[in-house]
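Presented below is the structure to which this report refers.
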Amino acid sequence: MAYEPGAIDATLAAAVGDEPLLIAELRIAFLESVRRGLHGLECAVDEAEWKGAAWRLRGLAASFGAVRLMAIATEAAACEVQDPALMLRLRRAVEEL
(Lines give C-alpha, C1' and ligand atoms only; values in the text may rest on other atoms or scores of the structure.)
Protein backbone atom coordinates (compact mmCIF):
# COMPACT_ATOMS: atom_id res chain seq x y z
CA MET A 1 0.00 0.00 0.00
CA ALA A 2 1.41 3.41 -0.91
CA TYR A 3 0.40 7.02 -0.51
CA GLU A 4 -1.36 8.70 -3.35
CA PRO A 5 0.87 11.62 -4.32
CA GLY A 6 -0.54 14.83 -2.92
CA ALA A 7 -3.38 13.21 -0.96
CA ILE A 8 -2.62 15.23 2.16
CA ASP A 9 -2.28 18.46 0.22
CA ALA A 10 -5.50 17.71 -1.68
CA THR A 11 -7.33 17.13 1.60
CA LEU A 12 -6.03 20.41 2.95
CA ALA A 13 -6.89 22.29 -0.25
CA ALA A 14 -10.43 20.93 -0.08
CA ALA A 15 -10.72 22.25 3.46
CA VAL A 16 -9.18 25.72 3.01
CA GLY A 17 -9.27 26.38 -0.72
CA ASP A 18 -6.42 27.60 -2.89
CA GLU A 19 -4.30 29.16 -0.16
CA PRO A 20 -0.76 27.77 -0.60
CA LEU A 21 0.66 29.41 2.54
CA LEU A 22 -2.18 28.16 4.72
CA ILE A 23 -1.89 24.67 3.21
CA ALA A 24 1.84 24.69 3.96
CA GLU A 25 1.22 25.78 7.57
CA LEU A 26 -1.44 23.13 8.08
CA ARG A 27 0.81 20.46 6.55
CA ILE A 28 3.56 21.40 9.02
CA ALA A 29 1.07 21.23 11.89
CA PHE A 30 -0.10 17.83 10.67
CA LEU A 31 3.45 16.48 10.51
CA GLU A 32 4.18 17.79 14.01
CA SER A 33 1.03 16.09 15.29
CA VAL A 34 2.01 12.83 13.59
CA ARG A 35 5.45 12.98 15.22
CA ARG A 36 3.81 13.55 18.62
CA GLY A 37 1.53 10.59 17.92
CA LEU A 38 4.50 8.40 17.06
CA HIS A 39 6.23 9.57 20.23
CA GLY A 40 3.14 8.55 22.21
CA LEU A 41 3.52 5.03 20.85
CA GLU A 42 7.24 5.01 21.56
CA CYS A 43 6.59 6.02 25.18
CA ALA A 44 3.65 3.66 25.81
CA VAL A 45 4.37 1.28 28.67
CA ASP A 46 1.14 -0.69 28.83
CA GLU A 47 -1.59 -1.91 26.55
CA ALA A 48 -4.03 0.90 27.37
CA GLU A 49 -1.50 3.63 26.55
CA TRP A 50 -0.41 1.77 23.41
CA LYS A 51 -3.93 1.29 22.06
CA GLY A 52 -4.92 4.86 22.89
CA ALA A 53 -1.89 6.25 21.08
CA ALA A 54 -2.47 3.95 18.10
CA TRP A 55 -6.12 5.02 17.75
CA ARG A 56 -5.22 8.71 18.06
CA LEU A 57 -2.59 8.34 15.34
CA ARG A 58 -5.06 6.42 13.18
CA GLY A 59 -7.66 9.14 13.53
CA LEU A 60 -5.18 11.85 12.67
CA ALA A 61 -3.98 9.95 9.60
CA ALA A 62 -7.55 9.29 8.48
CA SER A 63 -8.45 12.97 8.82
CA PHE A 64 -5.71 13.93 6.38
CA GLY A 65 -5.91 11.07 3.89
CA ALA A 66 -2.65 9.41 4.97
CA VAL A 67 -3.98 5.96 4.08
CA ARG A 68 -0.82 3.92 4.67
CA LEU A 69 -0.17 5.48 8.07
CA MET A 70 -3.81 4.93 8.99
CA ALA A 71 -3.59 1.25 8.09
CA ILE A 72 -0.40 0.69 10.07
CA ALA A 73 -1.79 2.55 13.09
CA THR A 74 -4.89 0.36 12.93
CA GLU A 75 -2.65 -2.69 12.88
CA ALA A 76 -0.71 -1.29 15.84
CA ALA A 77 -3.84 -1.20 17.98
CA ALA A 78 -4.03 -4.99 17.66
CA CYS A 79 -0.31 -5.66 18.19
CA GLU A 80 1.75 -6.06 21.30
CA VAL A 81 3.12 -2.95 22.98
CA GLN A 82 6.36 -1.79 21.35
CA ASP A 83 6.37 -4.45 18.63
CA PRO A 84 9.77 -3.76 16.98
CA ALA A 85 8.75 -4.62 13.41
CA LEU A 86 5.63 -2.51 13.64
CA MET A 87 7.51 0.43 15.14
CA LEU A 88 9.94 0.29 12.22
CA ARG A 89 7.05 0.35 9.74
CA LEU A 90 5.45 3.28 11.57
CA ARG A 91 8.69 5.27 11.56
CA ARG A 92 9.13 4.63 7.84
CA ALA A 93 5.55 5.67 7.11
CA VAL A 94 6.05 8.91 9.01
CA GLU A 95 9.30 9.60 7.16
CA GLU A 96 7.47 9.17 3.84
CA LEU A 97 4.98 11.88 4.67
Side-chain angles (χ1 to χ4, degrees):
M1 182 183 324
Y3 291 108
E4 291 183 27
I8 294 169
D9 290 336
T11 301
L12 292 172
V16 300
D18 187 24
E19 296 288 333
L21 292 176
L22 183 55
I23 290 170
E25 287 179 26
L26 291 173
R27 189 173 215 300
I28 290 168
F30 167 68
L31 292 173
E32 289 173 357
S33 295
V34 166
R35 289 185 186 106
R36 282 193 304 273
L38 180 60
H39 182 72
L41 284 167
E42 292 170 335
C43 294
V45 294
D46 62 31
E47 187 175 340
E49 286 181 10
W50 175 262
K51 286 187 179 203
W55 286 118
R56 283 189 297 278
L57 186 58
R58 180 199 183 279
L60 179 63
S63 296
F64 286 85
V67 177
R68 181 169 177 241
L69 180 60
M70 182 182 73
I72 298 170
T74 301
E75 190 179 332
C79 287
E80 290 186 30
V81 176
Q82 301 296 333
D83 179 279
L86 188 94
M87 289 305 298
L88 179 62
R89 290 176 52 219
L90 279 166
R91 288 183 187 106
R92 285 183 181 158
V94 170
E95 288 173 10
E96 291 175 3
L97 292 173

task: Could you pull out the closest heavy-atom pair between Gly17 and Ile23, with the gap in Å?
output: O-CD1, 3.6 Å
message: According to a hydrophobic-cluster definition based on side-chain heavy atoms being under 4.5 Å apart (Ile, Leu, Val, Met, Phe, Trp, Tyr only), do Trp50 and Val94 belong together?
response: yes
task: Please test Leu41 against Leu86 for side-chain contact (heavy atoms from CB on, under 4.5 Å), starting from the C-alpha separation and ending with a verdict.
output: CA-CA 11 Å; Leu41 284 167; Leu86 188 94; over 6 Å; no
query: Hey, what do you get for CG (Leu69) to CG (Leu38), rounding to the nearest 0.5 Å?
result: 8.5 Å
task: Count the heavy atoms of every other residue, nucleotide or ligand shown that sit under 6.0 Å from CG of Asp18, and state whether that count exceeds 12.
output: no
message: To check you understand the geometry: which heavy-atom pair defines the closest contact between Ala44 and Glu49, and what is its length?
response: CA-OE1, 3.4 Å
message: How long is the straight-line distance from CZ of Arg56 back to CZ of Arg36, given to the nearest 0.5 Å?
response: 11.5 Å
- prompt: Considering all heavy atoms of both residues, which atom of Ala53 and which atom of Gly40 are nearest to each other, and what is their separation?
  reply: CB-C, 3.8 Å
message: Does Glu42, at its CD atom, have more than 12 non-hydrogen atoms belonging to other residues, nucleotides or ligands within less than 6.0 Å?
response: yes
From Cys79 atom SG to Lys51 atom NZ, the distance as rounded to the nearest 0.5 Å: 10.0 Å
- request: Following the transitive rule for hydrophobic clusters with a side-chain heavy-atom cut-off under 4.5 Å over Ile, Leu, Val, Met, Phe, Trp and Tyr, establish whether Met87 and Leu60 coincide in one cluster.
  value: yes
For Ala62 against Met70, the heavy-atom pair lying closest together: CB-SD, 3.3 Å
field: Common cluster, Leu57/Val81, ILVMFWY with side-chain heavy-atom separation under 4.5 Å
entry: yes
Residue pair Leu97, Phe30: steps toward the side-chain contact (heavy atoms from CB on, under 4.5 Å) verdict: CA-CA 10 Å; Leu97 292 173; Phe30 167 68; 4.1 Å; yes
task: Mind running side-chain contact (heavy atoms from CB on, under 4.5 Å) on Leu31 and Arg35 for me, showing each step along the way?
output: CA-CA 6 Å; Leu31 292 173; Arg35 289 185 186 106; 3.7 Å; yes
